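Everything below concerns the one structure shown next.
Here the structure is a predicted model, which is why all the values come from computation and not from measurement. Counting from 1, the numbers follow the sequence of the chain as shown.
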Amino acid sequence: MLLKTFISSIFTQEKKSFESITYIFCSDEYLLKLNQEFLNHDTLTDILTFNLVNSSLPIVAEIYISTERVSENANELFIGFFPELYRVMIHGILHLCGYLDHSDTEKILMRKMEDYYLLQLFSSL
């Protein structure tokens, strides 16, 4: 319940209206197929975020997360699985709030916002 409330608070802080978010935890293989089918990318990724409604309506979205990729990233970063999973979950929410991560500048801002919200999450535990 704490995580659900926290995720809702991100939308509130970002002044975005949302109706529902569904997280789908899956394998690298499954996420790669989605990445190929919907984005024409032939690369592994840890997350794909899909807003299912018109941008003028409250957000209804599906966020797909590869638990294999999250685990590998956590190992490479020498952090626990759950802190990395929470970062990725927040990353998807930030995309729904309009943050991008294509350019270096966008990536820096995205990481800053991830860190900002992770700090809030861990402070509330």
Side-chain angles (χ1 to χ4, degrees):
M1 187 63 158
L2 174 67
L3 189 56
K4 184 178 178 179
T5 301
F6 177 73
I7 288 168
S8 177
S9 79
I10 295 174
F11 287 107
T12 300
Q13 290 178 68
E14 294 292 329
K15 297 177 177 42
K16 298 290 180 182
S17 174
F18 85 100
E19 185 174 317
S20 71
I21 306 299
T22 303
Y23 284 97
I24 298 97
F25 300 97
C26 57
S27 66
D28 274 348
E29 180 182 344
Y30 187 79
L31 201 54
L32 176 61
K33 287 179 185 175
L34 290 178
N35 208 9
Q36 292 166 333
E37 181 179 345
F38 292 101
L39 301 177
N40 290 325
H41 296 159
D42 194 23
T43 56
L44 293 174
T45 186
D46 52 5
I47 187 170
L48 289 177
T49 303
F50 298 100
N51 190 351
L52 304 176
V53 296
N54 180 304
S55 62
S56 66
L57 298 172
I59 295 166
V60 175
E62 293 178 344
I63 298 176
Y64 293 80
I65 296 175
S66 167
T67 55
E68 292 173 81
R69 196 81 353 245
V70 169
S71 180
E72 187 171 309
N73 291 345
N75 288 336
E76 289 176 8
L77 296 169
F78 302 103
I79 61 173
F81 175 82
F82 285 101
E84 179 62 7
L85 177 62
Y86 297 149
R87 184 193 65 77
V88 173
M89 291 174 75
I90 290 168
H91 184 92
I93 297 300
L94 291 172
H95 274 307
L96 292 170
C97 291
Y99 292 90
L100 302 174
D101 58 2
H102 303 294
S103 71
D104 289 341
T105 302
E106 291 170 342
K107 288 176 185 176
I108 289 168
L109 178 58
M110 177 69 84
R111 182 54 62 132
K112 178 181 173 183
M113 295 309 296
E114 290 169 5
D115 291 344
Y116 172 77
Y117 286 116
L118 275 172
L119 182 61
Q120 283 187 17
L121 175 60
F122 291 132
S123 296
S124 68
L125 295 178

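- Judged by distance alone, with hydrogens and angles left aside, the side-chain atoms of E19 form no donor-acceptor pair with the main-chain N or O of P58 at under 3.5 Å.
- The structure places CD1 of I24 at 9.5 Å from CZ of F50, a figure rounded to the nearest 0.5 Å.
- At least one side-chain heavy atom of F18 sits under 4.5 Å from a side-chain heavy atom of S8.
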Self-check item: Chi angles and distances behind the side-chain contact (heavy atoms from CB on, under 4.5 Å) call for S17, F11
Solution: CA-CA 7 Å; S17 174; F11 287 107; over 6 Å; no
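- The CG atom of L94 sits 11.0 Å away from atom CG of L100, with the distance rounded to the nearest 0.5 Å.
- Other residues sharing a hydrophobic cluster with L77 under the 4.5 Å side-chain heavy-atom criterion for ILVMFWY residues are I79.
- Between the side chain of S123 and the main chain of L119, a donor-acceptor pair closer than 3.5 Å is present.
- In this structure, the side chains of H41 and L48 stay at 4.5 Å or more apart for every pair of heavy atoms.
- Within a 6.0 Å radius of CG in D104, no more than 12 heavy atoms belonging to other residues, nucleotides or ligands are found.
- Other residues sharing a hydrophobic cluster with L32 under the 4.5 Å side-chain heavy-atom criterion for ILVMFWY residues are L44.
- Put simply, V60 and I47 are part of two different groups of oily side chains (I, L, V, M, F, W, Y) that touch within less than 4.5 Å, one to the next.
- Put simply, CD1 on I10 and CG on L96 are 10.5 Å apart, with the number rounded to the nearest 0.5 Å.
- In the hydrophobic clustering of this structure, L34 groups with L39; members are Ile, Leu, Val, Met, Phe, Trp, Tyr whose side-chain heavy atoms approach within less than 4.5 Å, directly or through other members.
- Both F6 and I21 are part of a single hydrophobic cluster, where members link through side-chain heavy atoms under 4.5 Å apart.
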Exercise. With side-chain contact (heavy atoms from CB on, under 4.5 Å) as the test, would you mind laying out the steps for L85 and F25 before giving the verdict?
Key: CA-CA 10 Å; L85 177 62; F25 300 97; 3.7 Å; yes
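- A distance of 11.5 Å separates SG in C26 from CZ in R69, rounded to the nearest 0.5 Å.
- With values rounded to the nearest 0.5 angstrom, E29 atom CD is found 4.5 Å from K33 atom NZ.
- Between the side chain of Y117 and the backbone N or O of I90 there is no donor-acceptor pair closer than 3.5 Å.
- Annotation: ring-ring contact (aromatic ring centres under 6.0 Å, His included) contacts involving residues 69-111, sequence neighbours excluded, comprise H91-H95.
- Going from atom CG of D28 over to atom OG1 of T45 covers 9.5 Å, rounded to the nearest 0.5 Å.
- Of all the heavy atoms in A74 and G80, the pair that sits closest is CB-O, 3.6 Å.
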Quiz item: Step by step, would you call I7 with Y23 a side-chain contact (heavy atoms from CB on, under 4.5 Å)?
Solution: CA-CA 12 Å; I7 288 168; Y23 284 97; 3.7 Å; yes
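- The shortest side-chain heavy-atom distance between P83 and L118 does not fall under the 4.5 Å cut-off.
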Practice problem: Give the intermediate values and the outcome of side-chain contact (heavy atoms from CB on, under 4.5 Å) for residues M113 and M110. | Solution: CA-CA 5 Å; M113 295 309 296; M110 177 69 84; 5.6 Å; no
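- Just one of V88, I93, N51 meets the side-chain contact (heavy atoms from CB on, under 4.5 Å) condition when paired with I63; it is I93.
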